[in-house]
Structures are given as C-alpha cells and as structure tokens.
Peer 1: 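So that we are looking at the same thing, I have put the structure below in structure tokens.
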Protein chains: 2
Amino acid sequence: MKSRIETDGYGRKKVIDACMEPCAIERGMRIIGGKWTGSLIYHLKDGPVRFNDLNRMLGGATKKMIDQRLKELEARGMVLRTVINDRPIAVTYELTELGRSALDILEDLRLWSEKYNIR
Amino acid sequence: MKSRIETDGYGRKKVIDACMEPCAIERGMRIIGGKWTGSLIYHLKDGPVRFNDLNRMLGGATKKMIDQRLKELEARGMVLRTVINDRPIAVTYELTELGRSALDILEDLRLWSEKYNIR
DNA sequence: ATTTCAGGTATACTATTTATACCTAAAGGC
DNA sequence: GCCTTTAGGTATAAATAGTATACCTGAAAT
C-alpha cells in the first residue's frame, strides 16, 4: 500500500496504487474492529467461555450483538462453538489458532489505549 | 481486564471485574477501528496529504466519510489540518505525535491481514 | 407457584454509512 | 465566450448496522 498521486503533462491527476476498495488495513478492521468484536476475542483469551458469561462480561453489548459477532467469528474460523450439553442447553465458545493469532494486536491496542488514556 | 464469573453458595452467578461499558480494547477500537479511520491514518504515515488526494487513495470511501473521520481525528488531536491556500482553497492533513503513535498497531494489523489472507 | 438459569430469537426503533448531486471560485481547452 | 476540471467540501435521501425490550423452551431451586 504505497499509493501516491501523480500529475501528467496536462495537470491531470491520477492515483498510483490506490486502495481500490478495502485494502489490508481496512479488511483487517472489518473483522477485528467491528463493534464488540475485539473485546469478545480478548475475553476468550484464557479458554472456553459460555454465552451468557460473555454477555455478563461485556456490559453494554446486547445478546443479539454478541450472538451476531460470535456467528461471524465462527464463520471466519476464528472461534469454535461447542454444545457441551442439551436439555439444559449449554455451549462454550473458544478461540481457534486463527482467533488466537489476533491476540497480540489486541493486546497492543489495549496498551496503547491505556497509555494515551483513550476514552 | 481480568473479568471472571463466580458462583455463590446458592448457584447464583455474578461477574467480577466486568467491562462495565467499553473497556480499553473497546475504547481503542472506537477511535482506530471506525470505518475508514485506520486506512486514513495509515495513508498519512509519510507526511501531509491533501483532502482530495486522500479521497482518491481510499477508493470506496465517500468525501463525507473522509471529512467526518478527519474531523473526529482532528478533534482527538491525532491529525492536524492546515489551510495552505485560500482563493483556490487548499488544505493538508498530517499526523500529530499521538496519531503517529497508532501506526505500529496498524502496521501489525496490515501484516496480520495479509498473512492470513483476510478478505 | 414463581423465579432463575441456560441460549438464544422477534420486534421496533435509532444511529451510522452510502450514493448522488450540488456549491463557490479559479484555471485550461477550444 | 463556453464547457470542463480542480479544490474542499455540504445537502439530501436511501440502505445498513446497532440498541432496547420482551419473549421462548425446559429444568431446577425457593
């Protein structure tokens, strides 16, 4: 992504290497940067967590949001959903290797956010 | 952010250290993770860029979006807006120190996104 | 008998994003 | 002179995303 602008002999501008539609940063953000997605992944870092526990941990997000995000992450192979019991239905969510690979970025974001008092 | 769930003697659950409203990760994402915000910052990494040049570089984002994001970033002190000419009006946008401090995270995100072929 | 837990879904409403057109003023082509 | 292009945006409407609230099934505890 080294896009730049050049001007031809007639003063007309054109872009070299434009981000035609989402570039790598934008594509990454669409996964990790969705509302609540980063927090969700981060809260799964220590192992499997249940749906309602995630709901309790992320004060502010609705069940619908959490459900939707988890489904997106599952579809992308970042999270694994396991039914550990039916009848009284019980499921856990945990990170896959791919999901785990995003943790470093999130940890850096957390440190950055705390260092500069982002609010 | 080490929230966990505990169960009392009666089987009732309660959260310890819940993310009551946005935690550090979530707050950071609200700044850097907004749609187009990451790309915008990243395209400013090599120095001042003009409004319409940013518009051309971020194929896909509308002027309105770019305008809005730049205003948000300016309000947060991450970007500096400079009028370099009026009459034929001309402005440039550049990163402040704070803005620059986010570049490492974005670079890591770009590498992650490319490594795992996020699309 | 009522409440609590699990893991969600349904409905309605609000906020954000997108697409499209337009504005002022100056310069270039024909 | 007339039309197009450039700059840096703004206005309007339509589409998409997120929020609040209530509700569902089935089992166990009060």
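Throughout, a chain's letter reflects where its sequence line sits, starting with A, and its residues are numbered from 1.
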Peer 1: How many Å lie between CD1 on B:I66 and P on C:dT16, as a whole number?
Peer 2: 19 Å

Peer 1: Do the side-chain N or O atoms of A:R50 get closer than 4.0 angstrom to the phosphate oxygens (OP1, OP2) of C:dC5?
Peer 2: no

Peer 1: Might you list the N or O atoms of the protein lying below 3.5 Å from N or O atoms in nucleotides 11-14 of chain D, with each pair's distance?
Peer 2:
from   : atom 1 : to    : atom 2 : distance (Å)
D:dT12 : O4     : B:K64 : NZ     : 3.1

Peer 1: Tell me which nucleotide among D:dA7, C:dA19, C:dA6 gets nearest to the side chain of B:N52.
Peer 2: D:dA7

Peer 1: Return the set of residues passing side chain to side chain donor-acceptor pair (under 3.5 Å) with B:T96 (not counting sequence neighbours), or none when no residue passes.
Peer 2: none

Peer 1: Return each pair, listed once, that meets salt bridge (charged side-chain N to carboxylate O under 4.0 Å, His left out) where at least one residue sits in residues 89-102 of chain B; pairs must be two or more places apart or across chains.
Peer 2: none

Peer 1: Give a yes/no on whether any side-chain N or O of B:K63 is located under 4.0 angstrom from OP1 or OP2 of C:dT17.
Peer 2: no

Peer 1: Go through the structure and list residues passing side chain to side chain donor-acceptor pair (under 3.5 Å) with B:E72, not counting sequence neighbours.
Peer 2: B:R69

Peer 1: List in numerical order all residues of residues 88-96 of chain B for which some heavy atom is under 4.0 Å away from an atom belonging to DNA chain D.
Peer 2: B:I89, B:A90, B:V91, B:Y93

Peer 1: Phosphate oxygens OP1/OP2 of D:dT19: is one of them under 4.0 Å from a side-chain N or O of A:W36?
Peer 2: yes

Peer 1: Without placing hydrogens or testing angles, list every side-chain donor-acceptor pair under 3.5 Å for residues 74-85 of chain A, not counting sequence neighbours.
Peer 2:
from  : atom 1 : to     : atom 2 : distance (Å)
A:R76 : NH2    : B:R119 : O      : 3.4
A:R81 : NE     : A:Y93  : OH     : 3.2

Peer 1: To the nearest 10 degrees, how far apart in direction are the end axes of the helix from C:dA1-D:dT30 to C:dC30-D:dG1, each fit to five base pairs?
Peer 2: 10°

Peer 1: Does B:K71 make a side-chain N or O approach to OP1 or OP2 of D:dT10 shorter than 4.0 Å?
Peer 2: yes

Peer 1: For DNA chain D, which residues in residues 74-85 of chain A have a heavy atom at a distance below 4.0 Å?
Peer 2: none

Peer 1: Give me the atom names and distance for the closest heavy-atom approach of B:A102 to B:I32.
Peer 2: CB-CD1, 3.5 Å

Peer 1: Suppose we screen for side chain to side chain contact (heavy atoms under 4.5 Å, CB included). Which residues come up paired with A:K63, at least two apart in sequence or across chains?
Peer 2: A:F51, A:N52, A:N55

